[in-house]
Amino acid sequence: MSRLLRGTLILSAATFFSKFIGLIFVIPFTNLVEEQGMALYGYAYIPYTILLSISTMGVPLAVSKFVSKYNALGDYAAGRKLLKSGLLVMTLTGTLAFVILYMLAPILANQIIDEKGGQGNSIEDITLVIRMVSTALIVVPSMSLIRGYFQGFQSMGPTAVSQVVEQIVRIVFILVGSFVVISLMNGEITTAVALSTFAATLGAIAGLAVLIWYWIKRKPHLDKMYRESKPVADISLKDIYKETIKYAIPFVAVGLAIPLYQMVDQFTIVNTLDKSLDYTLKEAESVFAIITQIAHKLVMIPVSLATALALTLIPVITKSFTQNDDEILHKQITQTFQMVLFLTAPAAIGLTVLAYPAYGALFGLSSMETGGYYLQWYAPTALWFAMFTVTAAILQGLNQQRYAFISLSAGFLAKLILNKPLLLLFGGTGSVIATDIGYTLSILFNLYIIKKYSGFSFKWVYRRAVLITLFCAAMAVTVMIVSTLLGEAETRFDTIITLTMGILTGGAVYVFLSHRSGLLNIILGDRIPFLKRRK
C-alpha cells in the first residue's frame, strides 16, 4: 500500500472517529443538562462554528494542496514561507475572530431571546457561554494551518492523532465536568454548559500540543529538505495567499451550509415561538435544542457514514473528468449517488418510523413526546444533508466548485425568507420545512450543473432510487407492525426493546430485499469481499 493511500485511510478513519464521538456524546450530555442546557450549548456553538469556518477559510486542505504542489517541484521553501507567514496571519485572524465574538456576545444574546427571561436561559447565561467558547478561536486557526502543512508532505499521522486527541480531551472534559457540577456539586446547568463550551479551547490546546511534538520530532528532516530546496519561482506572499484562498473557497462553502441554516434557526425559533405563539420560553428553547442540537446530531450519524464512503470516489471522478473519459466518469457519478441513497435513505426512514422509541430510549420518557415529534419531522432531512454534501463534492471533482457557493446562497436565502413565516404557520416544524426547501433548491441546482458539465444521465440513479424507495417502504411497514405488536412503551426499558427490535427487523428486511434483488451486490459488491466473490 502506498504511503499516500495509507495516510489517507488513517486520516479518514481518524476524521470519522472524531465526528462519530462528537455526535454520540450528545446522548449522555443531554441526559445531564436536559433540553435547556442543550439550547444554551447551541447558542454558543453555532456562531462559533461560523466564525471558525470564516477565520480558517478551509485552511488545512488548501495549505495541503499548496504545499504538495510545490514539494512535487522540489520547492520546499515555498511551503515553509507559507507556514511562517501563515502562522502569524492565522493567529491574527483567530484573535480578531475571538474579539468579535466576545464583544458581540451580549448583542447576540439579546437577539436570541427576549429580555423578560422566564423559566428558560437568561441573556447573561447566553453571553457567558458564547464568551467561553470564543477563546478557542485564538488557537484553532493556527492548529489548522500546521495540520495542512504536514498533509502537504503526504504525512497524515499528525493531523489524525491531533484530531482524535483534541476530540477526546474535549468530550471527556464536557462529560466529566458536567457530571461533577450537576451530580456531585448540585451546581447549575449554566455552569456545566459554560465549562462544556470552554472544552473546545482545552481540546484545541491538546491538539496543538500534539502537532508541536510532531514538529520537534521531524524538524531535522524538514530542515534538511528546506536546505536542499530548489525554488521554481520567486513567489510573493500575495501570490501565495491568492492561490491558497482559491483552493479554500469550495471547502468553505460546504462547511458553512449547516451552521448558516442553524444560525437562522437560532435567531428565529425561540423569538417567534415565545413572542408570537403560545409557547413559554422554556418550551421554545426545548424546540430549538431538539431541532438544532439533539435531532440534528442523531441524523448526522448515518449522514457521516454514507458521505464518507461516497466521497472516496471523488478523487477518481476528478481524474476521469481531467482525462475526458466520459464513460468511466458517468459510472463513477452513478455509483456515488447510488451509495449515498442506499445507505442514507433507510437510516432516515428508519429513524422517522422509530423516532418516539429512539428519543425515549436515549433521553428518557419525560421528553419523548416533544422530542419524538420533532425527530420524526427532522429525520428525513438526513437525505438532504447527504445529497448536498455529495453533489457539492462532485462539482469540485468536475472543477465547477464555484457553483457550490451559488447553490448554497440560493438555499440559504430561501431558508432566511421562509423560516419565520413557516414557524408562524406550523410551529417548530416550520423550521424543518424551511430547511428542506432550502436544501432542495441547492441540490436541484447542483444536479443541473452536474448534468450540464458532465453530460450525465440520471436514468440509472432514478431506477435505483425507485427500488430503494420500495425497499424502504417495506422496511417501514415491517417496523410499524413490530412496534404495534410490542405495544405502547410504559418504561424506558420498553422503548429500548422497541427500538432494538425495530432496527433488527427493519434492517433485516432491507438487507434481504437488497440482496435478493441484486442491488446490494451492484452498489457495494466491489467494497465487500464476500459480495465481490459472488459477483
Side-chain angles (χ1 to χ4, degrees), residues 58 61-62 65 242-243 245-258 260-261 303 306-345 380-418 434-469 522-523:
L61 292 169
K65 196 169 182 179
K242 185 178 178 181
E243 187 171 347
I245 291 171
K246 179 184 175 183
Y247 293 151
I249 286 174
F251 304 121
V252 177
V254 176
L256 274 176
I258 289 175
L260 284 174
Y261 276 64
V303 171
T307 52
L309 288 172
L311 293 179
T312 58
L313 292 168
I314 300 305
V316 292
I317 288 176
T318 304
K319 182 180 178 182
S320 300
F321 179 73
T322 305
Q323 295 175 345
N324 294 317
D325 193 339
D326 290 342
E327 183 179 353
I328 297 298
L329 174 66
H330 292 171
K331 286 182 180 179
Q332 290 163 345
I333 294 176
T334 299
Q335 184 74 353
T336 303
F337 281 128
Q338 287 180 165
M339 190 177 300
V340 76
L341 289 170
F342 181 79
L343 294 172
T344 310
T381 309
L383 192 56
W384 272 249
F385 289 147
M387 284 297 291
F388 174 75
T389 303
V390 169
T391 53
I394 292 174
L395 289 181
Q396 184 184 335
L398 299 176
N399 199 29
Q400 303 299 328
Q401 53 265 30
R402 65 188 182 278
Y403 289 109
F405 256 124
I406 298 174
S407 69
L408 170 63
S409 300
F412 175 69
L413 186 62
K415 169 73 173 177
L416 190 63
I417 293 170
L418 295 174
T435 295
D436 291 342
I437 292 172
Y439 269 92
T440 299
L441 290 176
S442 296
I443 292 165
L444 290 174
F445 182 80
N446 288 350
L447 292 175
Y448 168 75
I449 298 299
I450 290 169
K451 182 176 179 63
K452 179 179 178 181
Y453 285 94
S454 70
F456 179 70
S457 171
F458 289 92
K459 179 180 67 175
W460 286 106
V461 176
Y462 292 145
R463 291 185 180 182
R464 303 286 187 250
V466 170
L467 202 57
I468 290 169
T469 301
I522 291 169
I523 294 177

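We use all heavy atoms of the structure for the numbers below, so side chains are in, but hydrogens, waters and symmetry mates are not. Owing to the predicted nature of the structure, the values given are computational and were not obtained by experimental measurement.
In this structure, OG1 in T344 is found 6.0 Å from CG in L383, a value given to the nearest 0.5 Å. The distance from the CZ atom of R464 to the CD atom of Q335 is 9.0 Å, given to the nearest 0.5 Å.
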- Task: Give the intermediate values and the outcome of side chain to side chain contact (heavy atoms under 4.5 Å, CB included) for residues L398 and I449.
- Result: CA-CA 10 Å; L398 299 176; I449 298 299; over 6 Å; no
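The aromatic rings of Y439 and F385 sit perpendicular, their planes meeting at an angle over 60°, well past the 30° parallel limit.
Applying the side-chain hydrogen bond (donor to acceptor under 3.5 Å, both in side chains) test to T391 and every residue at least two apart in sequence or in another chain returns N446. The side-chain hydrogen bond (donor to acceptor under 3.5 Å, both in side chains) search around T440 returns W384, not counting sequence neighbours.
What you find for A257 and F388 is that their closest heavy atoms are CB-CE2, 3.6 Å. Here the closest heavy-atom approach between residue F445 and residue I406 is recorded as CZ-CG2, 3.7 Å. Between L329 and S454, the shortest heavy-atom contact is CD2-CB, 4.0 Å. Across S442 and S407, no two heavy atoms sit closer than the pair OG-O, 2.6 Å. Here the closest heavy-atom approach between residue V303 and residue A382 is recorded as CG2-O, 3.2 Å. Contact detail for A404 and A392: the closest heavy-atom pair is CB-CB, 4.5 Å.
When side chains are defined from C-beta on, K415 counts as touching T435, because their heavy atoms get closer than 4.5 Å. Two residues are said to be in side-chain contact when any heavy atoms from C-beta on lie closer than 4.5 Å; Q400 and I450 fail this criterion.
The environment of F458 atom CZ is dense: over 12 non-hydrogen atoms of other residues, nucleotides or ligands sit within 6.0 angstrom.
The one candidate from W460, F456, Y462 that meets the side-chain contact (heavy atoms from CB on, under 4.5 Å) condition with F337 is F456.
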